[in-house]
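Below: one structure, written as structure tokens.
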Amino acid sequence: MPQQDQLDNLSKARMLLATRRFLKLDEWLLSLMRGWQNQGEGQSDYGLLMHPATLFTGTESPALNPLEILSDWAQQCPQSYHAHVLLGMVWHENAWLIRRSQGENEIEDHQWLGAQLCCDYAVLALLRAIELHPRPTHAFRHLMNLSGGFGEPYWLKSLFAGEVPKPLHEKFSIQGSEIWQAGVAHIHALGFEPATHWPHMLPAALRQTRKNGEEALDYWLRMAMSVRHADVGTMESYLLFHSAFWGGSDEQQLLIIDGPLCAEFSDEERNQFRANALCDALSGDIAERESPEALALEQRLATLLASPLEPDTRIRLLDLAGICTAYWQDDDQAGLAVYDALFAVSPQAMPGHSARMFISRAVLANGHEEGLPVLTQLLTRGLSQATDPVLVAFAATALQFGLYGLPARPELSEGLMEHAWSLIRQAGDEQPVSDLVTLAHDMAINDDIDAAHFLMTGMARHGSAIHCYELYFFYRNGWHHDVPEHFHNDSNAMDCVLSAARSGMVPAMFTCANALRDGLGGEPDYEQAMQWYQRAMDAGHLSAAYYRAGCALDNGSDAEKRQAAEVWLPEILHNPDHPDRAEAAYTLGMAWLTGTGVKKNRYVAARFMEFVLELNPASEAAKQVHDDLNGSLRARMNLWQDKRKAEMEDPVAEFRLQVPLQ
């Protein structure tokens with residue numbers, strides 16, 4: 001975490017940027033750079049300032065547009081090394097943002113193109129920076145990062161090959177290309193046109209410096225190390241591109257760390273690299289218990305933890321190691337001991353999200369009462385820092401009842417619950433809400449049912465739909481855990497599910513419709529039930545269509561019964577992927593059998609029961625009706641008579657799947 005003087009320097013840099021005093025900012029950065037070039041990475045002010053993520057995220061001044069202000073800086077001070085380095089870094093960052101713009105979905109061609117167009121500008125800026133300083137460490141480092149993440153642009157490869165690169169429109173056919181138009185739209189959104197023409201030669205510092213066949217990643221590492229020996233940040237980036245995430249492996253990283261490339265680094269720095277590599281290994285899939293990989297990881301972990309490490313690094317290792325250790329040793333208490341050691345690193349040390357949930361689960365749900373002091377520390381620090389909504393709400397519940405090692409201070413609970421909700425709203429993230437549902441279930445498993453109820457009602461009062469929905473089942477004793485009778489309350493259940501439905505929660509809309517249909521907590525309300533079925537259908541709830549039809553057949557007018565039998569149920573039967581297709585066929589068959597919404601016809605009903613058994617041979621209800629319709633001479637005579645009245649030979653033929661001709 002930055003120290004106060006570093007925070008002051010960040011504020012100063014942001015102020016100089018916002019007021020566009022670029023010459024003064026240049027002079028200051030160059031003076032900081034001279035000291036940084038000859039010292040370790042550490043917590044240097046210069047190293048902190050040379051990260052756009054910190055430079056452009058201040059709250060004490062109006063938000064700055066990084067591309068706009070850096071372009072202005074580069075235009076006003078064309079000889080500024082730092083303007084061009086930072087501009088290249090921000091363009092590179094925008095390339096990543098385009099790549100990530102669709103989350104976990106597969107990256108599409110236009111995203112690759114938009115990102116590459118940003119990379120072109122990044123490389124142009126970084127090459128210009130190399131021309132402007134004799135020791136351009138950050139320019140080399142970020143050209144290495146860019147090459148590792150996106151590859152070198154074609155025109156840069158041409159320059160290294162001694163060729164004059166072709167302009168973009170000569171190299172590629174872009175006229176009329178839909179992918180080109182979609183890709184360019186990404187860079188247009190940033191307010192720029194794509195770069196299309198390239199330098200005719202490399203900066204003097206790069207000419208004749210690349211070995212034949214040398215990979216870009218290795219080349220830029222060598223160049224960075226040539227101007228700043230044993231540059232920790234550059235080596236950390238280089239090792240990252242040899243991790244499993246980038247197609248490498250844990251073993252590759254260790255070979256590099258123990259090899260000649262890291263020979264100039266100190267033992268402490270190499271331990272830092274080993275810790276980073278181990279964190280990569282621990283953050284992936286957990287190695288199988290008692291496997292050689294798990295045993296090797298445990299040994300490496302023990303060796304590193306016995307060595308001097310930066311506190312932040314030790315905390316990061318312990319955070320990842322706790323859950324792994326619990327699994328490898330098949331003992332939650334072993335994992336809790338790891339987190340106890342994490343808390344001992346510093347008064348501010350906190351585990352990450354997964355570790356926090358593990359601690360509560362191990363103590364409350366799995367019954368490891370000896371781990372209660374770890375849970376108490378977690379809640380105490382959660383209160384002292386008050387930045388994590390899950391821990392704040394968890395602690396508020398503990399204070400209400402004097403649980404989990406905290407004193408009973410119910411007068412504090414309401415304010416803390418309010419604060420937790422404000423944190424959730426600020427973050428705009430649903431994960432804390434889901435985590436609090438999990439905690440409520442864990443409390444109930446620990447027989448703290450009053451605490452579970454308090455936590456859920458506290459969140460529900462502030463507008464949490466999922467907690468309202470949970471309370472519906474809680475009040476109806478349909479929860480995962482037996483609920484004491486004094487909590488059972490159909491009226492409260494109805495209020496909760498209605499609140500959840502009104503908030504837009506789709507499963508709650510469906511459940512609300514069923515509750516209104518059944519008259520939960522009052523009289524049945526057919527009209528309201530049908531409206532909620534329709535809203536659930538509009539929101540994509542498939543089963544709502546079947547239940548709406550059933551509700552109409554049971555309680556609707558004659559016109560609605562006809563619509564259900566003639567339109568709504570057949571629509572379901574025409575959909576081969578509908579989850580309630582067999583049920584819809586049975587319901588429609590019963591409608592024909594009883595004459596509900598259609599003219600009674602036992603033959604048609606029998607054919608629908610046969611169809612149900614085709615869809616679901618295990619249907620006892622359909623089998624019983626079918627047997628009753630065919631079980632006696634009189635019954636078969638009735639079928640024969642009704643067959644003569646039926647309008648078609650096979651009334652279910654239109655619903656059977658048509659097998660395409662080969």
Side-chain angles (χ1 to χ4, degrees), residues 510 513-514 516-519 524 526-527 529-531 533-534 536-538 541-662:
F510 174 65
N514 291 334
L516 288 164
R517 173 183 177 175
D518 296 338
Y526 171 76
E527 296 297 335
M530 293 296 282
Q531 289 180 26
Y533 281 131
Q534 185 63 54
M537 288 172 56
D538 293 343
H541 196 292
L542 292 176
S543 290
Y546 168 65
Y547 280 80
R548 178 189 63 165
C551 186
L553 289 173
D554 289 342
N555 305 303
S557 65
D558 289 344
E560 288 171 321
K561 286 179 168 63
R562 285 194 299 273
Q563 188 174 22
E566 296 175 1
V567 180
W568 294 344
L569 289 171
E571 284 177 348
I572 294 172
L573 295 178
H574 279 298
N575 180 0
D577 298 321
H578 200 285
D580 303 303
R581 195 161 177 248
E583 290 79 1
Y586 176 81
T587 300
L588 190 51
M590 291 302 295
W592 281 100
L593 183 63
T594 59
T596 306
V598 290
K599 188 174 182 180
K600 181 177 179 178
N601 191 299
R602 287 162 290 195
Y603 169 75
V604 175
R607 297 312 302 265
F608 269 103
M609 294 306 157
E610 292 171 6
F611 185 46
V612 174
L613 293 172
E614 292 175 23
L615 297 174
N616 179 19
S619 175
E620 292 295 333
K623 193 178 300 182
Q624 182 64 52
V625 174
H626 181 268
D627 290 347
D628 290 346
L629 288 171
N630 290 273
S632 67
L633 179 61
R634 180 179 293 276
R636 290 193 294 274
M637 180 66 72
N638 289 333
L639 290 180
W640 177 76
Q641 290 175 343
D642 281 5
K643 182 177 180 181
R644 297 171 60 191
K645 302 174 187 176
E647 297 179 0
M648 60 185 70
E649 177 72 19
D650 187 357
V652 299
E654 63 177 304
F655 306 122
R656 289 191 174 92
L657 297 180
Q658 299 296 317
V659 180
L661 297 175
Q662 299 296 324

By side-chain hydrogen bond (donor to acceptor under 3.5 Å, both in side chains) - contacts of [X] (at least two apart):
{"X": "Lys645", "value": "none"}
{"X": "Asp538", "value": "Gln534"}
{"X": "Asn514", "value": "Tyr533"}

| Lys/Arg cation over aromatic Trp640: Arg644, 6.0 Å, 45° cone |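 Cation-pi check for Arg644 and Trp640: passes.
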| query | Under 3.5 Å, is there a donor-acceptor pair between the side chain of Asn601 and the main chain of Trp592? | reply |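 Checking the backbone N and O of Trp592 against the side chain of Asn601, no donor-acceptor pair under 3.5 Å is found.
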Point-to-point distance, once rounded to the nearest 0.5 Å, from [atom1] of [X] to [atom2] of [Y]:
{"X": "Leu639", "Y": "Arg634", "atom1": "CG", "atom2": "CZ", "result": "13.0 Å"}
{"X": "Leu593", "Y": "Leu629", "atom1": "CG", "atom2": "CG", "result": "5.5 Å"}
{"X": "Asn575", "Y": "Leu542", "atom1": "CG", "atom2": "CG", "result": "7.0 Å"}
{"X": "Arg602", "Y": "Gln641", "atom1": "CZ", "atom2": "CD", "result": "7.0 Å"}
{"X": "Glu527", "Y": "Asn555", "atom1": "CD", "atom2": "CG", "result": "10.5 Å"}
{"X": "Leu573", "Y": "Glu654", "atom1": "CG", "atom2": "CD", "result": "8.5 Å"}

| query | Does the side chain of Asp628 come under 3.5 Å of the side chain of Gln624 through a donor N or O and an acceptor N or O? | reply |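 Present: a donor and an acceptor within the cut-off.
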| task | May I have the step-by-step check of side chain to side chain contact (heavy atoms under 4.5 Å, CB included) for Leu588 and Ile572, ending in yes or no? | result | CA-CA 11 Å; Leu588 190 51; Ile572 294 172; over 6 Å; no
| Tell me, which pairs form a salt bridge (charged side-chain N to carboxylate O under 4.0 Å, His left out) where one or both residues lie in residues 547-567, sequence neighbours left out? |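 Salt bridge (charged side-chain N to carboxylate O under 4.0 Å, His left out) check on residues 547-567 returns Arg517-Asp554.
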| task | Take Lys623 and Glu620 through the test side chain to side chain contact (heavy atoms under 4.5 Å, CB included) and record every step on the way to the result. | result | CA-CA 5 Å; Lys623 193 178 300 182; Glu620 292 295 333; 3.9 Å; yes
| query | Which pair of heavy atoms, one from Pro570 and one from Ala564, lies closest together, and at what distance? | reply |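 Looking at all heavy atoms of both residues, the shortest contact is CD-O, 4.0 Å.
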| request: Could you tell me which non-hydrogen atom of Val598 sits nearest to which non-hydrogen atom of Ala591, and how far apart they are? | output: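 The pair with the smallest heavy-atom distance is CG2-O, 3.6 Å.
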Under 3.5 Å donor-acceptor pairs involving side-chain atoms of residues 605-619, not counting sequence neighbours:
unit_1 : atom_1 : unit_2 : atom_2 : d
Arg607 : NE     : Glu610 : OE1    : 3.0
Arg607 : NH1    : Tyr603 : OH     : 3.0
Glu614 : OE1    : Arg656 : NE     : 3.1
Glu614 : OE2    : Arg656 : NH2    : 2.8
Asn616 : OD1    : Ala618 : N      : 3.3
Ser619 : OG     : Ala622 : N      : 3.3

| Contact list for residues 543-570, test ring-ring contact (aromatic ring centres under 6.0 Å, His included), sequence neighbours left out |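 Qualifying pairs, neighbours excluded: Phe510-Tyr547.
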| Non-hydrogen side-chain atoms of Lys600 and Thr594 separated by less than 4.5 Å |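 Answer no - side chains too far apart.
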